[in-house]
Asks: 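Right, I'll just put the structure down here and ask away after.
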Amino acid sequence: MSQDCIRLEFKVDSENFASAGSASESVKTQLKLLGIGSSDVRRVAIAMYEGEINMVIHADGGKATVEIYHDRVEIILADRGPGIADIALAMKEGYSTAPEDIRALGFGAGMGLPNMKKNSDEMRIESKLGIGTTIYMTVRLT
Amino acid sequence: MERKFVTLDADKCKGCITCMKRCPTEAIRVRGGKAKIIYERCIACGECIRCCPYHAKKPVYDPFEMIHAFKYKVALPPPTIYGQFNNLTDINYVLDGLLRIGFDDIYETARGGELLSQATRRLIADGKAVKKPIIGTKCPAVVELILLKFHNLKDNMLNLLAPAEISAKLAREKAVADTGLKPEEIGVFYITSCPAKVHSLSLSGFVDGVISFSEVYFKLINEMPKIAEPRELSKAGLTGLSWAVSGGEAAAIFGNICFAVDGLENVMEILKEIEDDKLMQTDFVELNACSGGCVGGVLNIENPYIAKAKINALKKYTPISKNDMDALGKPIEFFCNEKAYEVNEVMKLDDDRARAMSKLMQISEIYKHLAHLDCGICGAPSCKAFSEDVVLRGQELSTCIKFRLPDLHQNDG
């Protein structure tokens, strides 16, 4: 473990839909212990929650790595899902490829990626069709 | 006032871990064979009083006798107490009874509840309300919980006084007008069985004392049978009486999406949802630490479900509301909570972020080496809490069962 960051790793499990969001919950708890300001905690939690749900809906789960530095939180969400065909289109509010049964649960409104972008200071998407998607997000702490 | 809501009868405490495991904010440790409350983390919910098998925990009340220090004494009975009597057909028996046991007047907090409902509706209609979803603040244990663990929701908290506080202000004004005495010669006393209300009202400065309902109850059951025909004293309607039960406050908002949640575990789940922006469509959320609402209060005499049924029966044929802020001539400002809510930073590991991070790393490192049984034998409610105690409070690592029974996991197969 390097001295200047706290590194947390989560397996995002697609088997149990009901547990989706638990990694973001855990990060939230740790950030509160550190006394991080509540609006920053909220941004990290929402960005991460949306990413987690995306991995469960589209990619059969994946891995979330969170690094907490004194001035920022870095979130890496990596999956081996189908990949995103058109990233610009996927970033549009309201665009969704979520299946009907997922929409019935109230997800798939096409706000996942836009919300992640909105709540992070930097966001980068690497995606290859048939191989997977990795999303890098940075949330700066005030 | 110090943050001491619950006291321990050390002779009765066996040092079992029941209260420690049930405390929703992990504010209890067992040290030297006795339960010890970390008061800075205590939200006065009363869960430890409720679950102690040895009745070793007690809330802190003011003694009944203190009412005699005042020239004119006014009791503030909450609607919850109407559900605590057998065969009660008329609320006025309770109110008349209070006048017989030493009070000069009564002011039902159900009236304050009705006014608060109206004030909340007006605040929303005028667009002056806080951030949506609005979180009702009548339950002081929930208020403490939000200030301790959900700092982000401070701006969602309704910025109006609680029913008992509104009633206390109005009761004192009325007593001054009725008697010509000075405000300080009038004693206003809230009657409750809720440790959280004891604390919040004592701090509020609106009342002169908070008296235990059970003490009043035994005086009342002696006096009430002597009343042939009670005087017409009750001035509360259906809305006010409904404040005793989970859902009453939310229903009186008349809003689109308003709902009530009761029981602390459920409350915490909803607060997490609000924190993650998942209830943006909701107008108002009523939160009750106790299951069933205030009728589920820890030291009530009657079972909460029965108490609720009794109050429902008493509500029949009462008008929706008998209190009106305009008729009273009170502007919205009269009902506003002038004190800003201040968050409780006690959960923070350190004021300095670098030091907090280093502590969190040490805590995680220690946690890795524990048994993860959350057995409580060390005197901490969970292995996570124990790791914190080792790093922050000098707890000996050797008190963990894993280091005392090295072959603990050998039979795991």
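The sequence lines fix the lettering, A, B, ..., with proteins before strands; numbering per chain opens at 1. What's counted below: heavy atoms across the whole structure, side chains too, no hydrogens, waters or symmetry copies. On a predicted model such as this, the values are computed, not experimentally measured, just so you know.
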Asks: Ring of B:F150, cation from B:K272 - is the NZ or CZ under 6.0 Å from the centre and inside 45° of the axis?
Replies: no
Asks: Which bit of A:Q30 is near chain B, if near means a heavy-atom gap under 4.5 Å: side chain, backbone, both or neither?
Replies: both
Asks: Go through A:V41, A:T29, A:L141, A:I68 and name the one with the most non-hydrogen pairs under 4.5 angstrom from chain B.
Replies: A:L141
Asks: Answer whether the closest heavy-atom distance between the side chains of A:M48 and A:M137 falls below 4.5 Å.
Replies: no
Asks: Check whether B:E275 gets within reach of chain A through its side chain, its backbone, both or neither, counting any heavy atom under 4.5 Å.
Replies: both
Asks: Is chain B contacted by the side chain of A:L33, its backbone, both, or neither, given a heavy-atom distance below 4.5 Å?
Replies: both
Asks: Look at B:D277, B:I363, B:D350 and state which one has the largest set of heavy-atom pairs under 4.5 Å with chain A.
Replies: B:D277
Asks: With a cut-off of under 6.0 Å to the ring centre and 45° to the axis, is A:K63 in cation-pi contact with A:F10?
Replies: no
Asks: So which of B:R353, B:H151, B:K348 has the largest heavy-atom pair count under 4.5 angstrom toward chain A?
Replies: B:R353
Asks: Just wondering, do B:V142 and B:T137 contact through their side chains at under 4.5 Å, heavy atoms?
Replies: no
Asks: Could you tell me if A:K28 sits above the aromatic ring of A:Y49, with its cationic atom closer than 6.0 Å to the ring centre and no more than 45 degrees from the axis?
Replies: no
